[in-house]
Amino acid sequence: MNIIQINNCSKSYGAQKVLDSINLGIQKGEFITLLGASGCGKSTLLNLIGGFENFDYGEIVIDGEKFDKCCKTKDCVKIFQEYALIEWKSALENVMFALLAKGLDKKTAKSKAQEYLKLTHLYGFENRYPRHLSGGQKQRVSLARALSVQPKILLLDEPFSALDNFTRNSLQEELLKIATKLGATFVFVTHDIEEAIYLGSRVIILSPIHKNIIADIAINIDKNDRNSLEFLNLKREIAHLLKSHRFSLEYVI
């Protein structure tokens, strides 16, 4: 049974159609990457799953619960590109904030926050404030905070796009290890083909022309070597697919 099932879901902003009859099933524990050119609706789809926006038609089922306009579920947590940390709280206090809001007592919240800061390799940085952390460290705090409440589904909207290549690759590797260890379901929006392949067990490609899913690609290659012929060929194949669907309504896969 899928933990997320999207059935004929559509979304418009006024007269502008953003998503048109989306159908997608995601199994528990999968790491799904949503890929596509600007305007294809990938961030909108993420927001519909998380209940941050209403949809016009169709149905979304989250862990067996059906929604026909808005997903009012507590099973999802979203991580944003801009970190969304509280500037006057330390790394530890930022993670504790989410746990205290869930009703944990201060002692338990502190213990759990320390556990997840260690998981995201922030041991020794607990008492630093956001202004004293690098971009990668801030994103690790954001990730620790999201993971600490143990969501069934984690939604990530281009969280690494503002980081340098070395930091981004490092965080991608750590995120995969965490995903494997925790067994949660991840839905990750990106515009980067290499990132989509490296992280995803499946890459879902959306078209800004058709406003729909044009490809659902299972990633079965060895991802340890990003410069392997297998990896590079898949990058080229996806790049061609994206380019073909970006401008032409005539193209059919």
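Within the 4.5 Å cutoff, the side chain of I197 has no heavy atoms near those of the I217 side chain. Between Q27 and N2 there is a side-chain heavy-atom pair separated by less than 4.5 Å. A 4.5 Å side-chain heavy-atom check between V149 and V77 finds at least one atom pair inside the cut-off. Put simply, the side chain of E53 reaches to within 4.5 Å of the side chain of L48, judged on heavy atoms. Within the 4.5 Å cutoff, no side-chain heavy atoms of K243 are placed close to those of H240. Contact annotation: the side chain of L117 never approaches that of F125 to less than 4.5 Å [non-hydrogen atoms, C-beta and beyond]. Put simply, the side chain of K138 does not reach to within 4.5 Å of the side chain of V141, judged on heavy atoms. By the 4.5 Å heavy-atom criterion applied to side chains, H191 and S161 are counted as neighbours.
Note that CD of E195 and CZ of R168 are 6.5 Å apart. Values are rounded to the nearest 0.5 Å. Interatomic distance, L147 CG to Y116 OH, rounded to the nearest 0.5 Å: 7.0 Å. Once rounded to the nearest 0.5 Å, the distance linking CD of E87 with CG of N94 reads 8.0 Å. Taken to the nearest 0.5 Å, the CZ atom of F67 stands 12.5 Å off from the CD1 atom of I6. Taken from CG in L133 to CG in L85, the straight-line distance is 8.0 Å, to the nearest 0.5 Å. How far CD of E173 is from NZ of K223: 12.0 Å, rounded to the nearest 0.5 Å.
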Problem set entry | Verdict with reasoning, L175 to F160, per side-chain contact (heavy atoms from CB on, under 4.5 Å) | CA-CA 11 Å; L175 186 60; F160 305 150; 4.0 Å; yes
For this session: Evaluate side-chain contact (heavy atoms from CB on, under 4.5 Å) for S148 paired with K112, printing each intermediate quantity in order.
Result: CA-CA 7 Å; S148 70; K112 257 183 122 48; 5.6 Å; no
For this session: Starting from the C-alpha separation in whole Å, work towards a yes-or-no answer on side-chain contact (heavy atoms from CB on, under 4.5 Å) for L234 and V203.
Result: CA-CA 11 Å; L234 186 53; V203 176; over 6 Å; no
Problem set entry | Trace of the side-chain contact (heavy atoms from CB on, under 4.5 Å) decision for Q172 with R226 | CA-CA 12 Å; Q172 288 168 1; R226 303 189 195 210; 2.8 Å; yes
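Across all non-hydrogen atoms, the minimal contact from A113 to L92 is CB-CD1, 3.6 Å. Taking all atoms of both residues into account, the shortest heavy-atom contact from G51 to C70 is O-SG, 3.6 Å. Listed here is the closest heavy atom pair of T120 and A144: OG1-CB, 3.6 Å. Here the shortest heavy-atom pairing between A184 and P151 reads CB-O, 3.8 Å.
Counting non-hydrogen atoms of neighbouring residues, nucleotides and ligands closer than 6.0 angstrom, the OH atom of Y57 reaches no more than 12 such neighbours. Counting non-hydrogen atoms of other residues, nucleotides and ligands closer than 6.0 Å to NZ of K89 gives a total above 12. Counted within 6.0 Å of OH on Y13, heavy atoms from surrounding residues, nucleotides or ligands total more than 12; the atom is thus considered enclosed.
Residues I79 and I4 are members of separate hydrophobic clusters, defined by side-chain heavy-atom contacts under 4.5 angstrom among Ile, Leu, Val, Met, Phe, Trp and Tyr. The cluster map of Ile, Leu, Val, Met, Phe, Trp and Tyr, joined by side-chain heavy atoms under 4.5 Å apart, puts L156 and L122 in the same cluster. One hydrophobic cluster holds both L155 and V18 under the rule that ILVMFWY side chains link at heavy-atom gaps under 4.5 Å. Hydrophobic clustering of Ile, Leu, Val, Met, Phe, Trp and Tyr side chains at less than 4.5 Å, counting indirect connections, keeps I213 apart from L241. Both F231 and I238 are part of a single hydrophobic cluster, where members link through side-chain heavy atoms under 4.5 Å apart.
Here the side chain of D75 pairs no donor or acceptor atom with the backbone of I153 at under 3.5 angstrom. Listed for the K28 side chain is no donor-acceptor partner under 3.5 Å among the backbone atoms of I3. For the pair Q139 (side chain) and P159 (backbone), a donor-acceptor distance under 3.5 Å is present. Remark: the backbone N or O of F188 is not paired with any side-chain donor or acceptor of T33 at under 3.5 angstrom. Judged purely by atom type and a 3.5 angstrom limit, S207 uses its side chain to pair as donor or acceptor with the backbone of I209. A donor-acceptor pair under 3.5 Å links the side-chain atoms of T180 to the main chain of L176, judged by distance alone. Put simply, the side chain of N212 gets close to the backbone of D20: a donor and an acceptor are under 3.5 Å apart. Side-chain N or O atoms of N23 include one that pairs as donor or acceptor with a backbone N or O of N8 at under 3.5 Å. Side chain of S90 to backbone of R128: no donor-acceptor contact under 3.5 angstrom is found. The backbone N or O of L35 lies less than 3.5 Å from no partner atom in the side chain of T190, so there is not a single donor-acceptor pair.
Salt bridge status for E194 with K235: present, with a side-chain N to carboxylate O gap under 4.0 Å.
Screening R140, Q114, K181 for a side-chain contact (heavy atoms from CB on, under 4.5 Å) involving L119 leaves a single residue, K181. Each of I204, V187, L206 was compared with L24 under the side-chain contact (heavy atoms from CB on, under 4.5 Å) criterion, and only I204 meets it.
F97 does not carry R145 over the face of its six-membered ring by the limits of under 6.0 Å from the centre and within 45° of the normal.
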Indicate every side-chain donor-acceptor pair of residues 98-106 with a distance under 3.5 Å to a residue at least two apart or in another chain.
from : atom 1 : to   : atom 2 : distance (Å)
D105 : OD1    : K107 : N      : 3.2
D105 : OD1    : T108 : N      : 3.0
D105 : OD1    : T108 : OG1    : 3.1
D105 : OD2    : T108 : OG1    : 2.8

